[in-house]
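Here is the structure we will look at, set down as structure tokens.
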Amino acid sequence: MNLNGRVAFVTGASQGIGKACALALAEAGAQVALGARNAEKLQAVAGEIEATGKKALALSLDVSSRDSIKAAVTKTFEAWGKIDILVNNAGIAKDNLVLRMKPDEWDAVMRTNLDGAYHCIQAVLHRMVRQRYGRIINISSVVAQSGNSGQANYIASKAGLIGLSKAIAAEVASRNITVNAVAPGFIATSMTGHLSEAMHKKVLSLIPLGRQGTPAEVAYGVCFLASEEAGYITGHVLNINGGMYMA
């Protein structure tokens, strides 16, 4: 997969899946704009990319803020003139049973995970339409397909990303823009690292491959969807879950 000459914009790029996506896209040849709230971690990722001779741009980004999104996207356009690939990865979880869930727990998750992706897409889409090229990849989750107790807000936001991907894919296909979702399963990140040993074993028992996935394995799927080779794939959900959910 050769992404030479392409510009990618990755949200939530300071750690986990977002970091892995940024590193993989850069390895494939793309110039990568990195967006996240943690400036120190973000600069470290940018340094890793630049150490390989590739270009990176670290940008302060809070996807729950439209102004922050506009500022980061504008800086990317000013630096590199375009954005070819958008990876909407930034996300948070505030788990609770729905009977106990507070309005701010619902609102915060939806505002970051779903609204943030929508506003990022709007911020880049006009130029993608004009250049008649684009790759948009939204990071969803296996639980958006399978369901899970105690995560109504998170699941609703991630299921919304799947619907959003399909809707926009239909709208922009005639402009050579593809829009797809990736649904990772049980991936070794900070979000899953807090689970107890008992819960860890329980989840592993549900995975036919018998192990956690790695952020890099998700990132390689993202790179494929960002590539020329995936040009005839749109409105699709790519499951990267070790067989945890089969559709």
Side-chain angles (χ1 to χ4, degrees), residues 1-13 18 21-22 24-26 28-36 55-57 59 61-91 110-140 157-183 219 221-238:
M1 291 176 287
N2 185 341
L3 298 178
N4 288 333
R6 297 299 183 191
V7 173
F9 186 98
V10 182
T11 72
C21 288
L25 289 164
Q31 299 171 212
V32 185
L34 315 163
K55 293 183 179 180
L57 182 65
L59 300 165
L61 175 64
D62 178 358
V63 297
S64 68
S65 164
R66 291 181 65 185
D67 289 340
S68 179
I69 291 169
K70 288 180 181 178
V73 168
T74 296
K75 288 179 181 177
T76 305
F77 285 138
E78 289 173 349
W80 292 331
K82 63 176 182 172
I83 294 174
D84 302 298
I85 301 159
L86 170 64
V87 181
N88 280 313
N89 165 76
M110 296 299 287
R111 188 165 57 246
T112 297
N113 297 6
L114 183 56
D115 295 355
Y118 162 72
H119 291 307
C120 285
I121 291 169
Q122 272 212 325
V124 306
L125 197 56
H126 288 291
R127 294 209 185 194
M128 283 186 176
V129 168
R130 286 202 296 272
Q131 70 188 25
R132 300 185 71 84
Y133 184 90
R135 298 283 190 267
I136 298 172
I137 301 117
N138 298 316
I139 306 300
S140 180
S157 69
K158 293 297 187 176
L161 284 176
I162 291 175
L164 182 68
S165 300
K166 292 177 181 290
I168 298 177
E171 291 184 13
V172 300
S174 65
R175 297 297 186 268
N176 194 33
I177 301 168
T178 65
V179 188
N180 294 287
V182 171
V222 169
C223 277
F224 170 64
L225 291 175
S227 71
E228 296 295 328
E229 289 83 352
Y232 202 56
I233 301 173
T234 196
H236 177 68
V237 182
L238 178 61

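Note that these values count all heavy atoms, side chains included, but never hydrogens, waters or copies made by symmetry.
- Under the 3.5 Å distance criterion, the side-chain polar atoms of Asn180 are left unmatched by any main-chain donor or acceptor of Val237.
- With rounding to the nearest 0.5 angstrom, the CG atom of Leu164 is 8.0 Å from the CG atom of Asn88.
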Intermediate values then yes/no, side chain to side chain contact (heavy atoms under 4.5 Å, CB included), Cys120 and Thr11: CA-CA 9 Å; Cys120 285; Thr11 72; 4.0 Å; yes

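- The distance from the NZ atom of Lys166 to the CG atom of Leu161 is 12.5 Å, given to the nearest 0.5 Å.
- Ile177 approaches Tyr133 most closely through the heavy-atom pair CG1-C, 3.9 Å.
- Using a 4.5 Å heavy-atom cutoff, the side chains of Lys70 and Gln122 are not in contact.
- Closest approach of Gly91 to Asn113, counting heavy atoms only: CA-OD1, 3.1 Å.
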Ile85 and Leu3: CA distance, side-chain angles, deciding distance, side chain to side chain contact (heavy atoms under 4.5 Å, CB included) verdict: CA-CA 10 Å; Ile85 301 159; Leu3 298 178; 4.3 Å; yes

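- Distance alone, capped at 3.5 Å, is enough to place a donor-acceptor pair between the Ser140 side chain and the Lys158 backbone.
- To the nearest 0.5 angstrom, Met110 atom CE is 13.5 Å from Tyr118 atom OH.
- Annotation: salt bridge (charged side-chain N to carboxylate O under 4.0 Å, His left out) contacts of Asp84 (sequence neighbours excluded): Arg6, Lys82.
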Criterion side chain to side chain contact (heavy atoms under 4.5 Å, CB included) on Thr178 and Leu225, from CA distance to verdict: CA-CA 9 Å; Thr178 65; Leu225 291 175; over 6 Å; no

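- Rounding to the nearest 0.5 angstrom, the gap separating the CZ atom in Arg135 from the CD atom in Glu228 is 5.5 Å.
- Within the 4.5 Å cutoff, the side chain of Ile136 has heavy atoms near those of the Leu125 side chain.
- Between Val222 and Cys21, the closest heavy-atom pair is CG2-SG, 3.8 Å.
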Side chain to side chain contact (heavy atoms under 4.5 Å, CB included) assessment of Ile139 paired with Val87: CA-CA 7 Å; Ile139 306 300; Val87 181; 4.3 Å; yes

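- By the 4.5 Å heavy-atom criterion applied to side chains, Ile233 and Leu238 are not counted as neighbours.
- Closest approach of Val10 and Gly18 over heavy atoms only: CG1-O, 3.7 Å.
- Of all heavy-atom pairs spanning Met1 and Ala28, the tightest one is O-CB, 3.6 Å.
- A pairwise comparison of heavy atoms in Asn4 and Gly29 identifies OD1-CA, 3.2 Å as the closest pair.
- No side-chain heavy atom of Val124 sits less than 4.5 Å from a side-chain heavy atom of Thr76.
- No donor-acceptor pair closer than 3.5 Å links the side chain of Asp62 to the backbone N or O of Ser68.
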